[in-house]
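This chain uses plain numbering: 1 for the first residue, then up along the sequence. Remember, predicted model here, so these are calculated numbers, not experimental data. Hydrogens, waters and symmetry mates play no part in the numbers below; they use all other heavy atoms, side chains included.
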Amino acid sequence: MQVSVEKPEQGLEHKMTVTFPSDDFDAKVEKRLAEVRRTVKMDGFRPGKVPLSMVKKRYSGQVRQELLGETLYDAFFKAATDQSVNVAGYPEFENVDMNEGNIEFVAKFEIFPEVTLPDVSGLEIEELASEVTEADVDAMIARLQEQRAAWKPAGAAKKAKQGEQVVIDFVGKVDGVEFEGGKAENVPLELGSGRMIPGFEDGVLGMKKGEQKTIDVTFPEAYPAEHLKGKTAQFDITVHSVQTKQMPELDEEFVKAFGVEEGTVEALRAEVRDNMERELKRTLDVKNRQAAFDALEKATDLSVPKALVAQEAQSMLDQYMQRLEQQGMPKDQMPGLSADMFTPDAERRVKLGLVIADLVKANNIEASPEQLDEFIADQASAYEDPAEIREWYDKNPERMSEVKAIIVESNAAKHILGQAKVSKVSKAFDEIVSQKA
């Protein structure tokens with residue numbers, strides 16, 4: 001095999017010219033055609049009895065084309081290994097030539113860049129800190145009560161207020177004509193929820209059971225339906241019921257409904273606090289890890305392979321479309337998206353991945369057995385049978401590898417935070433876990 005590599009003065013794209021004998025390729029073609037002959041069907045012949053000459057005449061071109069692609073890739077990556085070229089992504093072949101017993105091609109490809117890590121001690125990072133207070137536990141229990149609250153009809157004289165629910169019929173008209181989707185009956189509507197277009201819920205405030213009213217509401221300019229954008233509509237509203245929210249008592253039945261068998265408020269508070277502290281720890285780890293990596297990425301000057309960025313962008317698009325499908329959106333109704341919209345984030349992900357990998361290698365960062373046990377124990381603690389979860393991890397090497405990767409990444413962030421100029425910033429629990437931080 002003859003190989004020559006053209007290296008650019010700058011940038012990551014290289015060219016490689018490869019020439020090698022076609023003997024093995026010809027032998028592979030003959031072998032594949034013999035395999036095709038055993039199963040191919042042709043009029044007048046039993047399966048496996050078609051003359052090889054006829055098989056070659058019909059399928060030789062197709063088989064050679066299929067095998068040529070495999071052969072070019074095999075030859076390219078063997079040549080790259082021999083030349084100690086660190087290929088990023090896949091090559092693009094051009095000038096493929098087959099003559100005089102040889103196969104020659106030119107491959108354009110990118111290589112992984114040389115990473116020059118910044119001085120981590122010079123990075124400035126804000127590290128978040130927080131704790132779960134008694135007031136936070138009170139608020140969480142109140143939210144649990146809110147989730148199990150029931151709507152109870154109020155008296156006929158009750159006027160609807162913010163935070164209360166009405167059951168209504170409505171008919172919408174534009175220029176006196178009803179429009180599609182503008183009519184419904186017995187609709188429960190919590191006032192202040194923002195479910196309806198701006199102004200609609202305000203128009204219902206103060207109405208009583210049995211009352212009828214017509215309100216004017218203007219559709220936003222950004223409304224999805226073209227024929228309604230910016231239009232003023234009249235809605236005829238009939239209120240069937242005004243309902244107030246009844247909170248459940250903090251009694252034994254309520255506590256046991258959350259799986260706390262002791263049935264006491266104290267046991268519920270302990271369970272809630274434990275879950276909140278676990279969630280807070282995980283969220284702080286994620287945010288502080290990201291802050292460390294953001295600082296590292298911004299301080300590193302690095303060109304990334306376009307091929308890897310394109311692959312990452314396509315992967316992000318595929319994941320996004322899968323989420324839409326899981327949320328119930330039919331494929332034929334999905335928006336027309338392209339991988340290009342994910343390119344900026346994909347470029348950043350690729351760059352950060354390369355930089356972190358180099359940081360991990362340069363500092364021999366690993367996941368210790370103790371960290372693996374602690375991570376899995378923490379994951380398992382949220383389940384009824386922790387031993388079953390532990391066994392599941394032990395029997396799934398792929399999942400265990402994912403855990404190791406998570407721990408290594410976390411250790412890399414700790415390495416950065418341990419050396420950088422870190423300023424502690426304390427925030428409330430709700431600010432941290434609600435993504436406002």
Side-chain angles (χ1 to χ4, degrees), residues 1-18 72-94 105-125 288-316 339-340 342-367 401-402 404-422:
M1 180 182 289
Q2 298 177 2
V3 181
S4 65
V5 180
E6 296 179 35
K7 300 179 180 180
E9 292 184 7
Q10 59 181 8
L12 303 175
E13 189 173 281
H14 286 50
K15 277 190 177 183
M16 179 189 291
T17 302
V18 180
L72 295 183
Y73 273 103
D74 290 344
F76 169 77
F77 284 107
K78 182 180 185 306
T81 301
D82 292 344
Q83 296 292 316
S84 300
V85 176
N86 195 8
V87 178
Y90 294 99
E92 179 183 332
F93 297 112
E94 55 186 32
F105 65 85
V106 175
K108 291 167 59 177
F109 62 97
E110 292 175 290
I111 64 168
F112 282 97
E114 293 288 335
V115 178
T116 302
L117 291 172
D119 179 6
V120 177
S121 64
L123 301 180
E124 296 183 1
I125 304 171
N288 288 329
R289 182 170 70 240
Q290 193 58 54
F293 291 157
D294 284 346
L296 180 67
E297 186 262 333
K298 289 176 183 176
T300 307
D301 185 17
L302 184 68
S303 296
V304 296
K306 296 176 183 176
L308 296 186
V309 173
Q311 290 173 25
E312 183 66 24
Q314 184 61 49
S315 175
M316 293 173 70
D340 292 342
F342 296 97
T343 296
D345 285 338
E347 186 170 354
R348 182 181 172 283
R349 282 193 186 186
V350 171
K351 178 183 177 182
L352 192 54
L354 295 174
V355 176
I356 292 173
D358 203 74
L359 179 76
V360 167
K361 182 178 179 181
N363 294 279
N364 297 313
I365 298 173
E366 297 178 338
S401 294
E402 291 175 358
K404 288 180 181 178
I406 291 170
I407 295 173
V408 167
E409 191 175 274
S410 178
N411 288 344
K414 291 175 183 176
H415 172 83
I416 296 169
L417 291 167
Q419 298 188 30
K421 298 174 183 177
V422 175

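- Note: Q83 CD to M16 CE = 6.0 Å, rounded to the nearest 0.5 Å.
- Summarising the geometry, atom CG belonging to N363 is positioned 7.5 Å from atom CG belonging to L117; distances are rounded to the nearest 0.5 Å.
- Listed for the K351 side chain is a donor-acceptor partner under 3.5 Å among the backbone atoms of E297.
- Without hydrogens or angle criteria, E110 side chain to K306 main chain gives a donor-acceptor distance under 3.5 Å.
- Of the possible donor and acceptor atoms, one in the side chain of N411 sits under 3.5 Å from a partner among the backbone N and O of E366.
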- Message: Checking E13 against E92 for the side chain to side chain contact (heavy atoms under 4.5 Å, CB included) test, could you report, in this order, the C-alpha distance in whole Å, the side-chain angles of both residues, the deciding distance, and whether it holds?
- Response: CA-CA 11 Å; E13 189 173 281; E92 179 183 332; over 6 Å; no

- Item | Full working for side chain to side chain contact (heavy atoms under 4.5 Å, CB included) between F293 and V355 | CA-CA 9 Å; F293 291 157; V355 176; over 6 Å; no

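- Other residues, nucleotides and ligands contribute more than 12 heavy atoms inside 6.0 Å of the CD atom of E94.
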- Item | Worked check of side chain to side chain contact (heavy atoms under 4.5 Å, CB included) between L308 and Q311 | CA-CA 5 Å; L308 296 186; Q311 290 173 25; 4.1 Å; yes

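- Contact check on D82 versus K78 returns a salt bridge, with a Lys/Arg side-chain nitrogen under 4.0 Å from an Asp/Glu carboxylate oxygen.
- In terms of heavy atoms, M1 sits closest to A79 at SD-CB, 3.8 Å.
- With rounding to the nearest 0.5 Å, the separation of CG in L354 from OG in S303 is 11.0 Å.
- I356 contributes atom CD1, which lies 9.0 Å from atom CZ of R289 (distance to the nearest 0.5 angstrom).
- To the nearest 0.5 Å, the span separating NZ on K421 from CG on L123 amounts to 9.5 Å.
- Of all non-hydrogen atoms in Q314 and A339, the two that sit nearest each other are OE1-CB, 3.8 Å.
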- With side chain to side chain contact (heavy atoms under 4.5 Å, CB included) as the test, would you mind laying out the steps for T343 and V309 before giving the verdict? CA-CA 7 Å; T343 296; V309 173; 4.0 Å; yes

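- With a 4.5 Å cut-off on side-chain heavy atoms, P118 and L296 count as touching.
- Of all heavy-atom pairs spanning P91 and F77, the tightest one is CD-CZ, 4.1 Å.
- The shortest heavy-atom contact between F112 and V87 is CE1-O, 3.1 Å.
- With contacts defined as side-chain heavy-atom distances shorter than 4.5 Å, the pair I416/L359 qualifies.
- Counting heavy-atom neighbours within 6.0 Å of Y73 OH, excluding the residue itself, gives a total above 12.
- Minimum heavy-atom separation, I111 to P305: O-CG, 3.7 Å.
- Minimum heavy-atom separation, K15 to F109: C-CE2, 4.0 Å.
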